[in-house]
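What follows is a set of notes on a single structure, which appears directly below.
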Amino acid sequence: MGFLDIINDFIIGYPIVVSAIWIVGSIFESMYRKHEKFVDISGDDLVSIIVPSHNESDTLREAIASIAEVEYKNFEVVLVDDKSSDDTLDIMYELKQKYAKQFNIKIVPIDVNQGKANAMNQGFAASEGKYIMGIDADSLIAKDSVTQMVKTLATDPSLGAVAGKPVVRNRTTILGRLQLLEYIGVIDIIKKAQSFLYGRINTVSGVMVGFRRQAIKDVGGWHTDVITEDIDITWRMYRKHWRVRYQPAMLCWILVPENTRSLIKQRRRWARGGMEVLVKNHDFLIHSDISRKALLYETIISNTWAVLTALSTISYLFSLLLIHEVQLDGDVLLMLIIISIVQFCIGFFGSRAKAYLQLRDLLLIPAYIVYYWMINLISCITALVSFFLDPENVGTWSSPDRGLNNEK
């Protein structure tokens, strides 16, 4: 077997093998979770819910309304305005007055837009809770999410953070529905598989995450010189020997980009964040436990696959143009489709009740398979280019692309 044959087998085989690993890991993790026991909680510990915001006038009221419905009673809300150019700050004062009899709202205005990491630091400084929940200003949290966070953190004192499960709620466009499938059929399954196989996850999700206050203090809060503060703080917690895990019972509904350009921009940022973590923690590749090594090597392998697949695609295009012939292995493609369908069905039926899924969503599986791997490929390649051309990056916020007139 020649070198080119090995590369070709890797390009074709990697998605199949990694999907099979995700499926097996997620199944065993779900079986384990059924027998998981938690300590009883009194509900007396104060929880601080930090909501960083920049131009969130369309979404903030709805997000706070969902917080007002949570079952856990002892909480405060810290609203951070990162120099919005709309009336977000005015809405915050309106909400403070509206909910004054139900819970305490603190407002933290920031004079200069410096990004989400700085906003979280400012919110944390104003908070008093033993546990910290960070949510995006367009997220709607489930009634029991705060309770699930507290009992998960209270059960294991070594846990520094716990990631929640996001579910897409804007579903009236094809792109929105494809991301719905991705979140429940890929992202959820990957985190479950990582939890079972490694005992840790690669990153918390910034849309909803719970922290132990002491863990945030130990790592010095959020760093403002990184492009993805959620991935960065996860790995800095690992350096301080805190554990980070996934809790799918912590549910929230989110808005996602509804045009391809915004989606690729978002995924490029995620991919670049993974590369930054890899560079900053390169010593873990040799001097670390097997689980941290595995997560980092997984990132390396994924990026290698993206580069090789891009080169292979160019080669195929030249073959198509010059000799009008491209050879594809039908059996391998069929295997990939079957595994992807199984993977999605596991995510679908595991999330159907709480995520308000419908059987018609199954019709998008073929498009979903192409969409996921192509978006991954494009995002990874563009992130690599961005990383090497512009290694320094300090974040500020701009108004995101969202579909705002859709129901979950």
Side-chain angles (χ1 to χ4, degrees), residues 47-73 75-110 115-116 119-120 122-124 126-127 129 131-149 163-171 176 179-180 183 204-211 229-230 250-258 266 354-356 397-408:
V47 174
S48 297
I49 304 176
I50 302 176
V51 187
S53 307
H54 176 72
N55 293 346
E56 301 289 359
S57 58
D58 290 325
T59 62
L60 188 58
R61 290 185 182 92
E62 195 176 13
I64 304 307
S66 75
I67 293 175
E69 297 294 321
V70 300
E71 298 170 351
Y72 195 89
K73 298 304 178 185
F75 68 90
E76 64 176 4
V77 177
V78 183
L79 300 179
V80 185
D81 176 59
D82 194 23
K83 191 57 177 178
S84 296
S85 58
D86 62 6
D87 59 347
T88 294
L89 185 58
D90 293 334
I91 292 173
M92 288 180 176
Y93 286 109
E94 169 198 315
L95 292 170
K96 179 180 175 69
Q97 184 175 4
K98 178 179 179 179
Y99 294 105
K101 294 182 179 180
Q102 289 181 250
F103 50 87
N104 182 35
I105 292 182
K106 299 176 179 177
I107 298 175
V108 181
I110 299 176
K116 184 177 180 181
M120 289 299 294
Q122 298 296 325
F124 179 68
S127 70
Y131 302 114
I132 308 295
M133 174 178 278
I135 71 165
D136 281 354
D138 62 351
S139 295
L140 307 181
I141 66 174
K143 292 181 179 180
D144 64 342
S145 286
V146 178
T147 302
Q148 295 288 349
M149 177 197 76
K165 175 179 177 177
V167 179
V168 173
R169 63 187 175 107
N170 50 323
R171 310 176 182 181
Q179 289 174 84
L180 166 67
Y183 272 86
V204 297
S205 176
V207 294
M208 184 175 72
V209 55
F211 294 98
E229 75 291 329
D230 44 4
M250 279 174 59
L251 201 68
C252 72
W253 291 275
I254 65 171
L255 296 171
V256 295
E258 291 198 315
Q266 178 198 63
K354 289 189 175 182
Y356 303 99
W397 281 1
S398 59
S399 299
D401 160 50
R402 301 185 183 116
L404 298 176
N405 299 315
N406 305 292
E407 299 296 328
K408 66 178 181 285

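When reading the values below, keep in mind they use all heavy atoms of this one structure, side chains included, and skip hydrogens, waters and symmetry mates. None of these values were measured; they are calculated from a predicted model.
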Which of these, I64, I91, V108, sits in a side-chain contact (heavy atoms from CB on, under 4.5 Å) with L79? I64
Residues passing the side chain to side chain contact (heavy atoms under 4.5 Å, CB included) test with S66, sequence neighbours excluded, are L140, I141
Between the main-chain N or O of I254 and the side-chain N or O of S139, is there a donor-acceptor pair closer than 3.5 Å? no
Nearest heavy atoms of G176 and V256, plus distance in Å: CA-CG2, 4.4 Å
Side chain to side chain contact (heavy atoms under 4.5 Å, CB included) involving K143 - partner list, sequence neighbours excluded: E69, E71
Working to the nearest 0.5 angstrom, can you tell me the gap between S127 OG and I50 CD1? 4.5 Å
Run the side-chain contact (heavy atoms from CB on, under 4.5 Å) test on V207 and C252 for me, step by step, so that the C-alpha distance in whole Å, both residues' side-chain angles and the decisive distance to 0.1 Å come before the verdict. CA-CA 8 Å; V207 294; C252 72; 4.1 Å; yes
Compute whether any side-chain donor of one residue and acceptor of the other, for N55 and S85, lie under 3.5 angstrom apart. yes
Can you name the side chain to side chain contact (heavy atoms under 4.5 Å, CB included) partners of A63, sequence neighbours left out? none
Measure the shortest side-chain to side-chain distance between V51 and I67 over non-hydrogen atoms and say whether it is less than 4.5 angstrom. yes
Going by the rule side chain to side chain contact (heavy atoms under 4.5 Å, CB included), which residues pair with A65 if we only count those two or more places apart in sequence or in a different chain? Y99
I'd like to check P257 versus Q179 (side-chain heavy atoms, cut-off strictly below 4.5 Å). Are they in contact? yes
Can you check whether G164's main-chain N or O pairs, donor with acceptor, with S205's side chain at less than 3.5 Å? no
Does I49 reach the side chain of F103, with side-chain heavy atoms less than 4.5 Å apart? no
Minimum heavy-atom distance D82-H54, with the two atoms named: O-ND1, 2.9 Å
Does D136 come within less than 4.0 Å of K116, counting only side-chain N to carboxylate O? yes
Measure across D230 and V204 and return the closest heavy-atom pair with its distance rounded to 0.1 Å. O-CG2, 3.6 Å
Closest non-hydrogen contact found for P52 with M120 is CG-SD, 3.7 Å
Measure across M149 and V47 and return the closest heavy-atom pair with its distance rounded to 0.1 Å. CE-CG1, 3.7 Å
Please say which of R61, E62, E56 ends up in a side chain to side chain donor-acceptor pair (under 3.5 Å) with T59. E56
So with a 6.0 Å cut-off around NZ of K96, is the heavy-atom count from everything else above 12? yes
Going by side-chain hydrogen bond (donor to acceptor under 3.5 Å, both in side chains), name the residues that satisfy it together with E76, two or more places apart in sequence or in a different chain. S48, K106
Once side-chain hydrogen bond (donor to acceptor under 3.5 Å, both in side chains) is applied, do any residues pair with D86, and if so which ones, sequence neighbours excluded? S57, T88
Starting at CD1 of I110, measure out to NZ of K83 and round the result to the nearest 0.5 Å. 11.0 Å
Ignoring hydrogens, what is the shortest heavy-atom contact between M250 and M208? Give both atom names and the distance. O-CE, 3.0 Å
